[in-house]
A.B. asks: 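Below you will find the structure I want to go over with you.
Quick caveat, the model's predicted, so the values are computed rather than measured. In what follows, chains are A, B, ... by sequence order, proteins preceding strands, each numbered from 1.
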Number of protein chains: 2
Amino acid sequence: MRSQVHSSTQMAGEPTTMSRENLSRTERKDLTRASLVRAALHLIGEGRSFTSLGIREITREAGVVPNAFYRHFGNTDELGLALVAEMGQTLRRLLRQARQTGQAQDVDLLRRSVQVYQAYVKLNRLLFLFISSERSGGSRTLRVAIRHEVSHFTSEMAQDFRRMSDYSDLSTAHLQMICGLVVTTMLAAAPEMLDLPEDQPLLEAEMTETFVQQLRIVLLGAANWRPKANRVGSALHP
Amino acid sequence: MRSQVHSSTQMAGEPTTMSRENLSRTERKDLTRASLVRAALHLIGEGRSFTSLGIREITREAGVVPNAFYRHFGNTDELGLALVAEMGQTLRRLLRQARQTGQAQDVDLLRRSVQVYQAYVKLNRLLFLFISSERSGGSRTLRVAIRHEVSHFTSEMAQDFRRMSDYSDLSTAHLQMICGLVVTTMLAAAPEMLDLPEDQPLLEAEMTETFVQQLRIVLLGAANWRPKANRVGSALHP
DNA sequence: CGCAATTGTGTACAGTCGTGCACTGAATGT
DNA sequence: ACATTCAGTGCACGACTGTACACAATTGCG
């Protein structure tokens, strides 16, 4: 009942370029490693959740034999860590682009940033799908790795906030807290954007509007907010 | 190598009371059905993610034979829907309690509500673990069910907001948007609270403080916020 | 040049999975 | 009282899984 490809070694995933020659061994290795990562992402795109992916499933999609997996990762979690690392780079790129977009004097910085974000989410659909589901779903290892990456992202954003006049007199911890709120809102919006049907620009525009309003409220609240004296330790500010 | 329980039919999960007699047939059925649900929750508590749970796994934990599962659910997703329904009830209880807690004139309504919420999350640990991971992780069916339940919760909260003087002059859609932000923040906080080590009251207090501050910012922003004219359709308010 | 290292292959095994089918025994409706 | 319904059992099957082991081929270092 199943097609049972009779052992043709080629026809791998998609090596992006038809090249498999003139490459050093390490280059070849990194290439199939990348194809494993891509295979996992592709399966996520098909609706499978990363946690439930199996080694055989991934290697089949990547066009290699199951055992080859172990030449690159000890288990699926390690592959997940590779995906997390990729997400880290993506987030850094996003922040950089948002920064230079914001540098040009803009009438509506927030809205512009939201558009950049939205474009990024759509462009890196599978990656955001991955982190959305594994952020509180999968193995503990993966969760802490993602959380670490996200908090790093939050810190960078906090540094950007420091340069903005409305928030420059807040303590680092408070900036972190505020950016945490912003990031939470952003990450929560991602899966909703991804679940949207492709051919419904109205819904999308409506969602964007809601998203912009929410962030505006957060920023407005943050600008008007003054920390109260009673902190948790309450020993600060003697 | 495995213990191979030699077919003792009893020793089911934990029927909560040692009773299995003096019950009508439908009562017995609902009882094992409940034990299936409990089994799934228990497995979630062990660190497994619901999506990756198998029928055999669940029935084994529940102390019934695999086939018995089909007398209650057609597949694991249907069991998930039962869990979602339970979450709905839990959320409604939460809102009711927060409401009556808030009715007493309180110097700090928000902080009190946060404490109620925190207590609820801890009390219904497994349920919140479930929704946190399946909200953007599992099958589409489950996701939309959860999202539906959450939006219902948001609506109820919006109605409560309507009675508060600071927000009573906002449109329903705007209230929904604001409460959506609040709910997002709440739901994002849940998994972090649950991942916290039990014996670290300092960390927990710190997290609570951050959480309170974030919500305060949201509420402050919402109170000071006035919607701009350019809505998405822009045909309203002629 | 030649040998060691390493990437990917093929085969194999034990275990788990979902689920179909025939069955049992007790509660239920008449 | 009897026939029926039906929750739960037992067994079976085929498909799929992770991974251990031996092997092939080729690259890169001495």
A.B. asks: Taking the side chain of A:N67 as its heavy atoms from C-beta onward, which of C:dG18, C:dG8, D:dA20 lies nearest to it?
C.D. replies: D:dA20
A.B. asks: D:dT27 C1' sits how many Å from A:D30 CG, rounded?
C.D. replies: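 Rounded to the whole Å, the gap is 15 Å.
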A.B. asks: To the nearest Å, give me how far apart CZ (A:F73) and P (D:dG18) are.
C.D. replies: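 From A:F73 CZ to D:dG18 P: 15 Å.
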A.B. asks: By nearest atom, which of the nucleotides D:dA12, D:dT9, C:dG8 is closest to the B:A68 side chain?
C.D. replies: D:dT9
A.B. asks: Does the pair B:R143/B:E134 count as a salt bridge with the N-to-O cut at 4.0 Å?
C.D. replies: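 B:E134 and B:R143: not salt-bridged.
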A.B. asks: Give a yes/no answer on whether the side chain of B:R25 brings an N or O atom under 4.0 Å of OP1 or OP2 in D:dT5.
C.D. replies: no
A.B. asks: Would you say A:T208 and A:Q118 are linked by a side-chain donor-acceptor pair, where the criterion is simply a distance under 3.5 Å?
C.D. replies: yes
A.B. asks: I want to confirm an ordering. Mapping B:T76 and A:V65 to their closest nucleotides on DNA chain C, which one lands closer to the 5' end?
C.D. replies: A:V65
A.B. asks: Of all the nucleotides listed (D:dT19, D:dA7, C:dT19), which has the minimum atom distance to the side chain of B:K29?
C.D. replies: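 Nearest to the side chain of B:K29 among the choices is D:dA7.
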A.B. asks: Whole angstroms only, please: what is the CD1-C1' distance between B:I55 and C:dG20?
C.D. replies: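 Computing the B:I55:CD1 to C:dG20:C1' distance gives 13 Å.
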A.B. asks: Take atom CG of B:N75 and atom C1' of C:dC17, then tell me their distance rounded to the nearest Å.
C.D. replies: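 Whole-Å distance recorded here is 15 Å.
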A.B. asks: Let me know the distance between CG of A:L79 and P of D:dG18, rounded to the nearest Å.
C.D. replies: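 Taking CG of A:L79 and P of D:dG18, I get 12 Å after rounding.
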A.B. asks: What is the distance, to the nearest angstrom, from the CD atom on B:E57 to the P atom on C:dG18?
C.D. replies: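 Going from B:E57 (CD) to C:dG18 (P), I get 8 Å.
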A.B. asks: Could you walk me through whether B:E61 and B:R56 pass the salt bridge (charged side-chain N to carboxylate O under 4.0 Å, His left out) test, one step at a time?
C.D. replies: CA-CA 8 Å; B:E61 177 74 25; B:R56 285 186 117 100; over 6 Å; no
A.B. asks: If you compare every side-chain N and O of B:S24 against the phosphate oxygens of C:dA27 (OP1, OP2), does one of them come in below 4.0 Å?
C.D. replies: no
A.B. asks: Is the base of D:dG8 touched by the side chain of B:R71 through a donor-acceptor pair closer than 3.5 angstrom?
C.D. replies: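 Donor-acceptor pair under 3.5 Å: yes.
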A.B. asks: For D:dC16, take OP1 and OP2 only and decide whether either is under 4.0 Å from a side-chain N or O of A:R60.
C.D. replies: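 Checking D:dC16 against A:R60, no side-chain N or O comes under 4.0 Å of OP1 or OP2.
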A.B. asks: To the nearest Å, how far apart are B:R56 CZ and C:dG15 C1'?
C.D. replies: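 Rounding to the nearest Å, CZ of B:R56 and C1' of C:dG15 are 11 Å apart.
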A.B. asks: Considering only heavy atoms and no angle criterion, is a donor-acceptor pair shorter than 3.5 Å present between the side chain of A:R28 and the base of C:dT6?
C.D. replies: no
A.B. asks: Please tell me whether B:R28 and B:S24 have a donor and an acceptor in their side chains that are separated by less than 3.5 angstrom.
C.D. replies: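 B:S24 and B:R28 do not have a side-chain donor-acceptor pair below 3.5 Å.
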A.B. asks: Please tell me which of A:R33 and B:G74 maps to the more 5' nucleotide of DNA chain C, matching each residue to the nucleotide holding its nearest heavy atom.
C.D. replies: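 Nearest nucleotide further toward 5': that of A:R33.
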A.B. asks: Salt bridge or not between A:R147 and B:E192? Use side-chain N to carboxylate O under 4.0 Å.
C.D. replies: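 No, no charged N to carboxylate O under 4.0 Å.
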A.B. asks: Output the rounded distance in Å from CG (A:L53) to P (D:dC16).
C.D. replies: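 These atoms are roughly 16 Å apart.
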A.B. asks: Strictly below 4.0 Å: does A:H72 bring a side-chain N or O up to OP1 or OP2 of C:dT7?
C.D. replies: no
